[in-house]
**Student:** 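This is the structure, below, for whatever I ask next.
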Amino acid sequence: MNTSPWIQIGLFLIVLFVIAWPLGRYLASIFDGQLTCRFKWLDKFEYGFCRLIGTSPAEDMPWQRYATAIVLFNILGVVVVYALQRFQSELPLNPQSLGDVSSDSAFNTAISFVTNTNWQGYGGESTMSYLTQMLALTVQNFASGATGIAVVIALIRGFTRRNAAGIGNAWLDLSRSIFYVLLPLSFVFALILVNQGVIQNFNAYQDVKLIEPLEYTVPKNDLDGQPLKDDQGNVIMETIKTDKQSIAMGPVASQEAIKLLGTNGGGFFNANSAHPFENPTPLTNFLEMISILLIPTALCFAFGQMVGDQRQGWTILAAMTVLFIAMATVALWSESHSNPLITQLGTDGSMGNLEGKEIRFGIVSSALFATVTTAASCGAVNAMHDSFLPLGGLVPMGLMMLGEVVFGGVGAGLYGMLIFAMLAVFLSGLMIGRTPEYLGKKIGVFEMKMVSIAILVVPMLVLGGTAIAVVTEVGKASMANPGAHGLSEVLYAFTSAGNNNGSAFAGLSANTPFYNILLAIAMWFGRFGVIIPVLAIAGKLAAQPKLAVTGGTLPTHGPLFVILLTSTVLIFGALNYVPALALGPIIEHLQLFSTNK
Amino acid sequence: MKNLIRPAITLFILISLVTGLLYPLAVTGIAQIAFPEQAAGSLMKRGEEVIGSSLIGQSFSGPTYFWSRPSATAPMPYNAANSGGSNLGPTNPALIEAVKERAKNILASHPDKAEKIPTDLVTASASGLDSHISPAAAYYQVVRVAVTRNADAAIVKSLVDRSIEMPQWGLLGDSRVNVLRLNLALDALEK
């Protein structure tokens, strides 16, 4: 390793917090209405905007109406994204004449981008036209991020409001998230990315004359496109010579920026942020990691600001940071080792596990990126997680299994962590014999039921889906790697889908009707099976009066609560997933390192 | 429900127009003016002919050039219209077989080398388009390249010395050598 990983992690966290702090203040001022108070013209503009779309800034929605609005908006997204893919061959901005996407793949991708998962069963440059990338996928990158922000803001209002009937105006929250936050940040970031080498054009793919002509073999096809076989039934291969390389082009930077800022993670290209046109330099890599965690971090500060006690925001952030550093350490430690099976073939054992990694990032920036992208529910990758050593691959899987609450997705991470905070005060309440309360609100029977649903729905989808896949022939047929690693691939896929992350152990051939449909189900219910209970809690909390703080109130800030919160997250994650992990990455680790001493 | 449908549709159309069309077009417009070369793919030309992008790797496996890393793209290596890694897991026999084959090939072409083979020369990158190799991998090949080209090994080595890109700010990323640039410099040496 050329650089001290600790300096890089430290620098990363410092830069992150320094930028996120003012952004958090800004977010709070947007959603508590201070911004429109200060700038009257903005207030007038919002009034006109609301009139145009058919609502009023003064409309205050009860939680059921708020949830209906959010779900309706998202279903509309699914329909449009699906339709654009199915008709792309007849639409403009398709210089490569790419065909229509198959129905099951288009369905999967539509659900995937709407739910902020951005799981990709397809390869971008060989499947999607420029118009589909922009008008279907980029739009959902914004819309799904805005949905997450709107939901967490509604939940925060549940804590701050007293005896209130509503939790805000969903249309206004969505619009403010996009036009005041995501769009301006993406615009600036996109231009920085272009400056560093990320492409942004509408050209056809560029043909390049190779310096050294290339020979390769492919199966020979007959006139119908079926592979030809010889007398023994072997596939006949033919050798092709070429001196051309075709380089994929497209409006990449504009999509790349929101892909990271909105914790979406769906790459323009198949190789995602490992592709040199998505992530050309170590500097862009650093900025991409910052932008993944930027809004989730800023929302913690905004939360503290809005509930009127910055310590509450810092406490949540501290719990996230502790878990993050622990996981990053394991990933770095694991990947800095070489694969012993490769080292014994006479290769340098000091360079780390380089299969599936880019040299410009090296081990440290690759392992850190993997931790960042799965701590947040981003799912962009700059290295292939499938080729990580077993424990290195366990880190991204484990971070997702904790429920995407270590920073988590834009909005989704914070509301997930607040759910765990309510569970933590409930558990502590049982231990000390007090009525559980959080931020002056009683956590009653209804709230706990909703908390239970929100916490249990995802593990059910993940473990249920994995179980179905590994007992069916079509499920097993897609595994690319034999043995324990094959199970890890399937487990990773459902973990990623249920938790709306979107990264993959990409060896799994997931672009089949079986996986496209099953994973789409996991993504949809993993998203809205949490959002609806969260909004229900928001509505119930907002309707409550505020309790006075007494000597018997459990303080929900400070180191003690950080420990309570992290323990709650870890215990629930461990109870749900340890058996499955033992059969996948843990067994593989033992196989790899015990037989080769 | 009824008076939710109109706002849902109008807002959706508005957002689609702004973020799906106006935003990418505005970024494209500014990028074309401010950073035209980067926006077009950092292409390199020899005369009128485009011979590559400084960011995208090309396959080099002949005796007279510095080799790039193995690439797992299909159907040919370094297919820049179909990026991707091998996604082979660490215990997959297919990975071990592939590495064994590559190591054998490297040892056969570098009989002078006693030291271990740099790992990046036997492992496929994440994108399949990695334009770089490690400095160790470049130095490993110096003698072979010099011999096949009838060049002075010291000159070839100094070319490698000059091609090394350091970590950004001495901190981010690893030291590396751009293979396409190095090989172009090598060709220029003979003229």
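None of the values given here were measured: they were computed from a predicted structure.
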**Student:** Just jot down the side-chain hydrogen bond (donor to acceptor under 3.5 Å, both in side chains) partners of Gln38(B), sequence neighbours excluded, or say none.
**Tutor:**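 In terms of side-chain hydrogen bond (donor to acceptor under 3.5 Å, both in side chains), with neighbours along the sequence ignored, Gln38(B) is linked to no residue.
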**Student:** Looking only at heavy atoms, which two atoms of Tyr205(A) and Ala81(B) are closest? And how far apart?
**Tutor:**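 Minimum heavy-atom contact is CD2-CB, 4.2 Å.
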**Student:** Which bit of Glu489(A) is near chain B, if near means a heavy-atom gap under 4.5 Å: side chain, backbone, both or neither?
**Tutor:**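 Contact with chain B: side chain only.
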**Student:** Checking Ser366(A) against chain B: side chain, backbone, both or neither under 4.5 Å from a heavy atom?
**Tutor:**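 Contact with chain B is absent: no heavy atom of Ser366(A) under 4.5 Å.
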**Student:** Would you mind telling me which of Ser126(A), Pro482(A), Gly392(A), Pro280(A) has the largest number of heavy-atom pairs within less than 4.5 Å of chain B?
**Tutor:**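 With the most close heavy-atom pairs to chain B, the winner is Pro482(A).
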**Student:** Quick check on Phe187(A) against chain B: is it the side chain, the backbone, both or neither that has a heavy atom closer than 4.5 Å?
**Tutor:**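 When you check distances to chain B, atoms from both the backbone and side chain of Phe187(A) fall under 4.5 Å.
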**Student:** Going by heavy atoms in the side chains, are Phe202(A) and Leu25(B) under 4.5 Å from each other?
**Tutor:**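 Yes, side chains in contact.
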**Student:** Let's test your reading of the structure: which of Gly20(B), Ser83(B), Ser61(B) forms the most heavy-atom pairs below 4.5 Å with chain A?
**Tutor:**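 Answer, by heavy-atom pair count under 4.5 Å with chain A: Ser83(B).
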**Student:** Pair Ile96(B), Gln344(A) - check side chain to side chain contact (heavy atoms under 4.5 Å, CB included), show working.
**Tutor:** CA-CA 10 Å; Ile96(B) 311 309; Gln344(A) 70 188 18; 5.7 Å; no
**Student:** Sort out for me which of His132(B), Lys45(B), Glu165(B), Glu37(B) touches chain A most, counting heavy-atom pairs under 4.5 Å.
**Tutor:**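 Heavy-atom pair counts peak at His132(B).
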**Student:** Check each atom of Phe388(A) against the heavy atoms of chain B and say whether the ones under 4.5 Å are side chain, backbone, both or neither.
**Tutor:**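 Just its backbone gets close to chain B.
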**Student:** Output the option from Leu95(B), Asn183(B), Thr73(B) having the highest count of non-hydrogen pairs under 4.5 Å with chain A.
**Tutor:**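 The option with the most such pairs is Leu95(B).
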**Student:** Looking only at heavy atoms and a cut-off of under 4.5 Å, which of Leu389(A), Leu191(A), Thr138(A) has the most pairs with chain B?
**Tutor:**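 Of the options given, most contacts go to Leu191(A).
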**Student:** Below 4.5 Å from any heavy atom of chain A, which atoms of Leu184(B) appear? Answer side chain, backbone, both or neither.
**Tutor:**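 For Leu184(B), the contact with chain A is made by the side chain alone.
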**Student:** Could you look at Leu43(B) and say if it's the side chain, the backbone, both or neither that has a heavy atom under 4.5 Å from chain A?
**Tutor:**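 Answer is side chain: those atoms of Leu43(B) sit under 4.5 Å from chain A.
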**Student:** Drop me the distance from Arg69(B)'s CZ to Lys357(A)'s NZ, to the nearest 0.5 angstrom.
**Tutor:**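 Between atom CZ of Arg69(B) and atom NZ of Lys357(A) there are 9.5 Å.
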**Student:** Mind ranking Thr10(B), Thr119(B), Val122(B), Leu129(B) by heavy-atom pairs under 4.5 Å with chain A and telling me who comes out on top?
**Tutor:**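 The answer is Thr119(B).
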**Student:** For the interface with chain A, which of Pro77(B), Ala136(B), Pro93(B), Ala80(B) has the highest count of heavy-atom pairs at distances below 4.5 Å?
**Tutor:**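 Counting heavy-atom pairs under 4.5 Å, the top option is Ala80(B).
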**Student:** Leu180(B) versus chain A, heavy atoms under 4.5 Å apart: side chain, backbone, both or neither?
**Tutor:**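 Interface part for Leu180(B): side chain.
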**Student:** Name the region of Asn285(A), side chain, backbone, both or neither, that has any atom closer than 4.5 Å to a heavy atom of chain B.
**Tutor:**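 Asn285(A) has no heavy atom closer than 4.5 Å to chain B.
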**Student:** Output the option from Glu358(A), His385(A), Gln196(A) having the highest count of non-hydrogen pairs under 4.5 Å with chain B.
**Tutor:**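 Going by pairs under 4.5 Å, I would pick Glu358(A).
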**Student:** Against chain B, label Gln245(A) side chain, backbone, both or neither, depending on which of its atoms sit under 4.5 Å from a heavy atom there.
**Tutor:**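 Only the side chain of Gln245(A) comes within 4.5 Å of chain B.
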**Student:** What part of Val18(B) is in contact with chain A, defined as an atom under 4.5 angstrom from a non-hydrogen atom: side chain, backbone, both or neither?
**Tutor:**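 For Val18(B), side-chain heavy atoms alone lie under 4.5 Å from chain A.
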**Student:** Find the distance between CE (Met44(B)) and CD1 (Ile211(A)) and round it off to the nearest 0.5 Å.
**Tutor:**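 Between Met44(B) CE and Ile211(A) CD1, I get 7.5 Å after rounding to 0.5 Å.
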**Student:** Looking only at heavy atoms, which two atoms of Leu88(B) and Ser387(A) are closest? And how far apart?
**Tutor:**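 Between these two residues, the closest heavy atoms are O-OG, 2.8 Å.
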**Student:** Quick check: do Leu4(B) and Phe73(A) have side-chain heavy atoms less than 4.5 Å from each other?
**Tutor:**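 Heavy-atom side-chain distance check fails, nothing below 4.5 Å.
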**Student:** With chain A as the partner, which of Ala94(B), Ala74(B), Ser59(B) has the greatest number of non-hydrogen pairs under 4.5 Å?
**Tutor:**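 When all of Ala94(B), Ala74(B), Ser59(B) are compared, Ser59(B) has the most.
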**Student:** Given Ser125(B) and Ile359(A), is the side chain to side chain contact (heavy atoms under 4.5 Å, CB included) satisfied, shown in steps?
**Tutor:** CA-CA 8 Å; Ser125(B) 63; Ile359(A) 291 296; over 6 Å; no
**Student:** Counting only heavy atoms closer than 4.5 Å, note whether Ala124(B) contacts chain A via side chain, backbone, both or neither.
**Tutor:**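 Contact with chain A involves both backbone and side-chain atoms of Ala124(B).
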**Student:** Counting only heavy atoms closer than 4.5 Å, note whether Val198(A) contacts chain B via side chain, backbone, both or neither.
**Tutor:**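 Just the backbone, heavy atoms under 4.5 Å.
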**Student:** Would you mind checking which part of Glu215(A) comes under 4.5 Å of any heavy atom in chain B, side chain (CB onward), backbone (N, CA, C, O), both or neither?
**Tutor:**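 No part of it gets close to chain B.
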**Student:** By a 4.5 Å heavy-atom criterion (distance strictly below it), what part of Tyr65(B) contacts chain A: side chain, backbone, both, or neither?
**Tutor:**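 For Tyr65(B), the contact with chain A is made by the side chain alone.
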**Student:** Can you tell me which portion of Asn272(A) sits under 4.5 Å from chain B's heavy atoms? Options are side chain, backbone, both or neither.
**Tutor:**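 Neither part; nothing is under 4.5 Å.
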**Student:** Using heavy-atom distances under 4.5 Å, tell me whether Val218(A) contacts chain B through its side chain, its backbone, both, or neither.
**Tutor:**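 Contact with chain B involves the side chain of Val218(A) alone.
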**Student:** Counting only heavy atoms closer than 4.5 Å, note whether Glu115(B) contacts chain A via side chain, backbone, both or neither.
**Tutor:**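 For Glu115(B), no heavy atom lies under 4.5 Å from chain A.
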**Student:** Identify the heavy atoms of Ile56(B) and Phe277(A) that sit nearest to each other, and give their distance.
**Tutor:**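 Nearest pair, atom of Ile56(B) first, then Phe277(A): CG1-CZ, 3.7 Å.
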**Student:** So which heavy atom on Pro24(B) is nearest to which on Ser254(A), and how close?
**Tutor:**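 Where Pro24(B) meets Ser254(A) most closely, the heavy atoms are CB-OG, 3.6 Å.
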**Student:** Relative to chain B, which segment of Leu137(A) carries a heavy atom at a distance below 4.5 Å: side chain, backbone, both, or neither?
**Tutor:**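 Interface part for Leu137(A): neither.
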**Student:** Of the listed residues (Asn339(A), Leu52(A), Leu76(A)), which shares the most heavy-atom pairs with chain B below a 4.5 Å separation?
**Tutor:**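 Of the candidates given, the most pairs with chain B belong to Leu76(A).
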**Student:** Less than 4.5 Å apart, side chain to side chain, heavy atoms only: is that true for Leu214(A) and Tyr78(B)?
**Tutor:**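 SC-SC contact between Leu214(A) and Tyr78(B) ruled out.
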**Student:** Can you tell if the side chain of Ser68(B) reaches within under 4.5 Å of the side chain of Glu212(A), non-hydrogen atoms only?
**Tutor:**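 Heavy-atom side-chain distance check fails, nothing below 4.5 Å.
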**Student:** Could you grab the distance from atom CG of Asn87(B) to atom NE2 of His485(A), nearest 0.5 Å is fine?
**Tutor:**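 Between atom CG of Asn87(B) and atom NE2 of His485(A) there are 8.0 Å.
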**Student:** If you count heavy-atom pairs under 4.5 Å between each of Met351(A), Gln133(A), Glu588(A), Gln200(A) and chain B, which one has the most?
**Tutor:**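 Ranked by contacts with chain B, first place is Gln200(A).
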**Student:** Which region of Ile178(A), side chain (C-beta onward) or backbone (N, CA, C, O), has a non-hydrogen atom less than 4.5 Å from a non-hydrogen atom of chain B, or is it both or neither?
**Tutor:**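 Just its side chain gets close to chain B.
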**Student:** What distance do Ile53(A) atom CD1 and Ile9(B) atom CD1 have between them, rounded to the nearest 0.5 Å?
**Tutor:**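 It is 12.5 Å, given to the nearest 0.5 Å.
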**Student:** Quick one: does Leu341(A)'s side chain get under 4.5 Å of Pro90(B)'s, heavy atoms only?
**Tutor:**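 When only atoms from C-beta onward are counted, Pro90(B) and Leu341(A) do not touch, as no gap falls below 4.5 Å.
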**Student:** Begin with the C-alpha distance, continue with both residues' side-chain angles, and end with the deciding distance and a verdict on side chain to side chain contact (heavy atoms under 4.5 Å, CB included) for Val50(B) and Asp207(A).
**Tutor:** CA-CA 8 Å; Val50(B) 179; Asp207(A) 271 342; over 6 Å; no
**Student:** Between Gln255(A), Arg360(A), Met61(A), which shows the greatest number of heavy-atom pairs under 4.5 Å with chain B?
**Tutor:**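 The option with the most such pairs is Arg360(A).
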**Student:** Any chance you could lay out the side chain to side chain contact (heavy atoms under 4.5 Å, CB included) test for Leu11(B) and Ser175(A), step after step, and finish with the verdict?
**Tutor:** CA-CA 8 Å; Leu11(B) 184 62; Ser175(A) 313; 3.3 Å; yes
**Student:** For Gln8(A) and Leu171(B), which heavy atoms make the closest approach, and how far apart are they?
**Tutor:**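 Heavy atoms of Gln8(A) and Leu171(B) come nearest at NE2-O, 3.2 Å.
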**Student:** Is Leu193(A) close to chain B through its backbone or its side chain, or both, or neither, when contacts mean heavy atoms under 4.5 Å?
**Tutor:**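 Contact with chain B is absent: no heavy atom of Leu193(A) under 4.5 Å.
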**Student:** What pair of heavy atoms forms the shortest contact from Val194(A) to Ala31(B), and how long is it?
**Tutor:**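 Looks like CG1-CB, 3.7 Å.
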**Student:** Which atoms of Ser365(A) come close to chain B, meaning under 4.5 Å heavy atom to heavy atom: side chain ones, backbone ones, both, or neither?
**Tutor:**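 Contact with chain B: side chain only.
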**Student:** Does atom NZ of Lys104(B) have more than 12 heavy-atom neighbours, drawn from other residues, nucleotides or ligands, at distances under 6.0 Å?
**Tutor:**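 No, not enclosed.
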